[in-house]
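The structure under discussion appears below in the form of structure tokens.
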Amino acid sequence: TTEMATWHGTSERRFDLEHSSSSSCLIDEGETFLLTGGWDNWETVSRYNINGWLEDLDNLNTGRREHGCTQYTNNEGIKTNLVCGGYDASNNFLDTCEENTATSSFWTYTTSLPSPLYLLRGVTLDNRVLMTGGADDEYFPRDKIMELVDGSWRVVAFMQKTRVKHGVSVIKVDDYW
């Protein structure tokens with residue numbers, strides 16, 4: 001079940017999810033959002049809007065949970081959804097990434113992360129695709145911020161602290177100050 005916060009400090013029930021969202025990753029598409037993978041639905045990708053479930057897309061090639069995800073605009077100007085890392089149903093840590101464009105429902109493998117990571121988070125900032133933090137296959141938390149540039153992941157910065165299962169958001173300062 002999802003809840004929507006109200007301006008007067010309460011919340012109201014909105015709709016039931018078609019599939020469990022535990023350990024899934026949410027991709028904001030604007031008017032809609034995708035829930036990708038997760039504990040009970042390793043390969044499932046579902047699209048929702050404010051009123052509820054709309055459709056399931058084709059399954060991910062590799063079922064995953066505790067992965068990073070984001071959306072960006074590719075070189076052809078097409079919105080592209082990206083999922084990276086996590087771990088699979090056999091508890092194998094993943095370095096693989098998959099993408100799908102707004103014009104299709106299927107997922108294709110793309111550039112893998114430099115090493116397996118789970119509990120990482122993805123974000124797109126000025127169309128720069130970033131994966132942040134996470135833990136490696138030896139359970140060590142990481143502080144790296146990696147950017148996908150010309151088909152390769154490279155470390156572009158370090159967070160002040162290691163982070164796992166953290167939140168990342170892009171806000172416009174003008175909207176708040």
Side-chain angles (χ1 to χ4, degrees), residues 1-5 11-72 79-102 104-124 129-142 144-146 148 153 162-170:
T1 303
T2 61
E3 293 185 24
M4 176 83 50
S11 65
E12 58 186 53
R13 183 175 177 189
R14 289 306 243 182
F15 58 83
D16 290 329
L17 295 171
E18 186 73 10
H19 308 288
S20 168
S21 63
S22 176
S23 301
S24 64
C25 193
L26 186 145
I27 299 175
D28 182 357
E29 296 183 307
E31 295 294 317
T32 60
F33 65 91
L34 298 180
L35 286 179
T36 63
W39 187 264
D40 295 319
N41 306 291
W42 298 90
E43 302 92 4
T44 304
V45 180
S46 298
R47 179 173 281 128
Y48 294 85
N49 69 11
I50 192 74
N51 298 310
W53 179 82
L54 296 172
E55 64 180 336
D56 284 342
L57 279 63
D58 291 352
N59 284 345
L60 297 169
N61 294 302
T62 300
R64 59 188 74 223
R65 67 179 187 224
E66 303 293 3
H67 52 288
C69 64
T70 191
Q71 184 183 78
Y72 67 99
K79 291 190 183 259
T80 302
N81 300 309
L82 178 70
V83 298
C84 289
Y87 56 99
D88 66 17
S90 299
N91 290 326
N92 296 309
F93 299 100
L94 303 172
D95 61 358
T96 58
C97 295
E98 301 180 44
E99 65 183 11
N100 112 309
T101 62
S104 70
S105 66
F106 64 90
W107 293 83
T108 56
Y109 287 108
T110 187
T111 305
S112 291
L113 297 169
S115 61
L117 287 172
Y118 72 108
L119 302 172
L120 68 161
R121 295 297 181 253
V123 67
T124 301
V129 178
L130 306 172
M131 289 290 161
T132 65
D136 64 21
D137 55 357
E138 295 181 7
Y139 304 98
F140 290 112
R142 297 294 176 200
K144 293 178 183 175
I145 299 174
M146 295 180 294
L148 182 61
W153 290 100
T162 60
R163 305 263 183 217
V164 296
K165 213 171 185 176
H166 50 290
V168 291
S169 297
V170 177

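Quantities reported herein were computed from a predicted structural model and do not represent experimental measurements. Atom set for the values below is all heavy atoms of this structure, side chains included, hydrogens, waters and symmetry mates excluded.
A tilted orientation is assigned to the rings of Tyr118 and Phe93, their planes being inclined by 30° to 60°.
For Ser23 (side chain) and Trp39 (main-chain N/O), no donor-acceptor pair under 3.5 Å exists by modelled atom type. Put simply, the side chain of Tyr72 never gets that close to the backbone of Leu82: no donor and acceptor are under 3.5 Å apart.
A distance of 3.5 Å separates CG of Asp58 from OG of Ser105, quoted to the nearest 0.5 Å. With rounding to the nearest 0.5 Å, the separation of CG in Asn41 from NE2 in His19 is 6.0 Å. Here the straight-line distance linking atom OG of Ser169 with atom CG of Asp28 works out to 10.0 Å at 0.5 Å rounding. Note that CG of Asn92 and CG of Asp137 are 10.5 Å apart. Values are rounded to the nearest 0.5 Å.
Each of Asn81, Thr36, Thr80 was scored for a side-chain hydrogen bond (donor to acceptor under 3.5 Å, both in side chains) with Asn100, with one residue passing: Asn81.
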Problem - Residue pair Glu29, Gln71: steps toward the side-chain contact (heavy atoms from CB on, under 4.5 Å) verdict - result: CA-CA 7 Å; Glu29 296 183 307; Gln71 184 183 78; 3.5 Å; yes

Exercise for the section: Apply side-chain contact (heavy atoms from CB on, under 4.5 Å) to the pair Met146 and Leu117, showing each step before the final yes or no. Expected result: CA-CA 12 Å; Met146 295 180 294; Leu117 287 172; 3.6 Å; yes

Practice task
Tell me, with the steps shown, if Thr124 and Val170 meet side-chain contact (heavy atoms from CB on, under 4.5 Å).
Solution key: CA-CA 8 Å; Thr124 301; Val170 177; over 6 Å; no

Problem - side-chain contact (heavy atoms from CB on, under 4.5 Å) between Thr62 and Tyr109, intermediate numbers included - result: CA-CA 9 Å; Thr62 300; Tyr109 287 108; 2.4 Å; yes

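Scanning both residues, Arg64 and Cys84, for their nearest heavy atoms gives NH1-C, 3.7 Å.
The closest side-chain donor-acceptor pair between Tyr87 and Arg65 falls under 3.5 angstrom.
A 6.0 Å sphere centred on CZ of Phe106 holds no more than 12 heavy atoms belonging to other residues, nucleotides or ligands.
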